[in-house]
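To start, the structure under review is shown below, and the notes come after it.
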Protein chains: 2
Amino acid sequence: MLSYTCKTAIKAVIYLASRAEDSDKAGMIEIAKHIHASEHTVGKILQTLVRQGIINSTKGPSGGFFINDSQRKQPIINIVESVEGDQVFKACGLGLSKCSASHPCPIHDDYKVARDLIEKLFREKKVKDLCDPVSNGLAFLIG
Amino acid sequence: MLSYTCKTAIKAVIYLASRAEDSDKAGMIEIAKHIHASEHTVGKILQTLVRQGIINSTKGPSGGFFINDSQRKQPIINIVESVEGDQVFKACGLGLSKCSASHPCPIHDDYKVARDLIEKLFREKKVKDLCDPVSNGLAFLIG
DNA sequence: ATAATAAAAGTATTAAAGTACTTTTATACT
DNA sequence: AGTATAAAAGTACTTTAATACTTTTATTAT
């Protein structure tokens with residue numbers, strides 16, 4: 001249900017956040033390698049995330065991408081909304097612009113329940129909650 | 001969460017099913033007009049649906065698209081799977097091919113709950129359930 | 001200062017989704 | 001039989017998303 005770009009963004013952030021906080025910054029080649037994605041694509045995506053304040057980067061030698069402790073505590077929805085826009089969890093299931101509680105489409109209420117659940121999931125799960133949950137390293141990051 | 005094509009397909013089928021069963025068949029121009037979509041696009045989509053047995057069509061004069069009573073009773077998921085493929089409600093939230101109950105990704109269980117809910121919605125709602133539910137004609141079909 | 005590094009930023013290409021158009025084929029009515 | 005109708009089928013175009021590449025800029029180390 002999420003775009004490939006969005007899934008890749010989440011995986012990249014999880015990888016970043018899974019590294020020791022005081023370790024060196026990660027370059028986009030390293031990140032791309034670990035999540036099995038194109039380094040160019042990863043670079044583009046991470047640029048967006050830096051601009052949105054989801055992660056940080058520094059240029060130059062020993063530069064790279066990194067994430068701080070307060071960013072580790074942010075919800076996954078921050079990533080999703082940065083990539084997909086902030087209307088993802090607002091849109092009607094049938095794509096009607098005028099669908100609302102007062103002018104509902106036939107599946108309005110049922111769809112809203114499911115959509116709200118996904119929104120809740122991404123809002124409650126923090127970046128750090130997704131780091132190495134099964135003690136199998138980061139094997140789950142490669143698709 | 002559904003593609004534009006898929007939403008258009010659902011709307012077209014709802015329009016068809018909302019017509020009196022014994023009325024004339026509907027041409028793609030008529031359908032397109034009522035759901036505010038391009039007639040070419042609608043034609044392409046309906047071709048697919050006919051091939052999948054979701055709806056019917058006849059060629060020639062007084063030909064057009066129509067839907068029978070048993071097709072009216074089919075669930076919306078038939079339309080969704082015809083357009084999006086049958087893996088829509090199977091895929092991992094992070095896009096991992098190897099994610100499964102035994103090798104779950106960090107959001108596997110929570111995501112599955114929401115995804116199953118949407119699948120349930122589309123599986124339980126039948127085409128006829130979506131016809132003219134608020135007695136405002138078919139105003140809800142135009143986005 | 002200079003050179004090396006690495007992301008930022010911009011541009012170009014590719015792939016996929018969506019839209020438009022054309023030709024063919026089946027049907028019904030003269 | 002011949003003609004008109006209307007979808008089927010196939011092709012081409014457009015737009016957008018995704019990927020690849022290039023140039024620029026900031027930083028560090030010498």
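So that the names make sense, note that chain A is the first sequence line, chain B the second, and so on, each numbered from 1. Note that the structure is a prediction, hence the values are computed from the model and not measured.
For the pair Pro61(A) and Gly43(A), nearest-nucleotide mapping onto DNA chain C gives the more 5' position to Pro61(A).
A single hydrophobic cluster is not seen to contain both Val80(B) and Leu117(B); linkage of ILVMFWY side chains at heavy-atom distances under 4.5 Å, directly or through other members, places them apart. In this structure, Leu121(A) is a member of the same hydrophobic cluster as Phe89(A), with clusters built from ILVMFWY side-chain heavy atoms closer than 4.5 Å.
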* For each nucleotide in nucleotides 11-24 of chain C, reading 5' to 3', give B when a protein heavy atom comes within less than 4.0 Å of its base, S when such contact involves only the sugar-phosphate, and - otherwise. => B------SSBB---
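For the pair Ser62(B) and dT27(C), the criterion of a side-chain N or O lying under 4.0 Å from OP1 or OP2 is not met. The phosphate of dA26(C) (OP1 or OP2) has no side-chain N or O of Thr58(B) nearer than 4.0 angstrom. Distances shown here put every side-chain N or O of Arg51(B) at or beyond 4.0 Å from the OP1 or OP2 atom of dA8(D).
The side chain of Gln47(B) sits closest to dA8(D) out of dT28(D), dA7(C), dA8(D).
For the segment residues 76-93 of chain B, no residue has any heavy atom less than 4.0 angstrom from an atom of DNA chain D.
Computed from coordinates, the Ile31(B) CD1 to dA6(D) P distance equals 13 Å when rounded to whole Å. Rounded to a whole Å, the CD1 atom of Ile29(B) is 11 Å from the C1' atom of dT5(D). Across the protein-nucleic acid pair, Leu49(B) atom CG and dA7(D) atom P stand 14 Å apart, rounded to whole Å. Put simply, CG on Leu2(A) is 11 Å from P on dA18(D), counting in whole angstrom units. Rounded to a whole Å, the NZ atom of Lys25(A) is 14 Å from the C1' atom of dA26(D).
In the displayed structure, Lys112(B) atom NZ is contacted under 6.0 Å by at most 12 heavy atoms of other residues, nucleotides or ligands.
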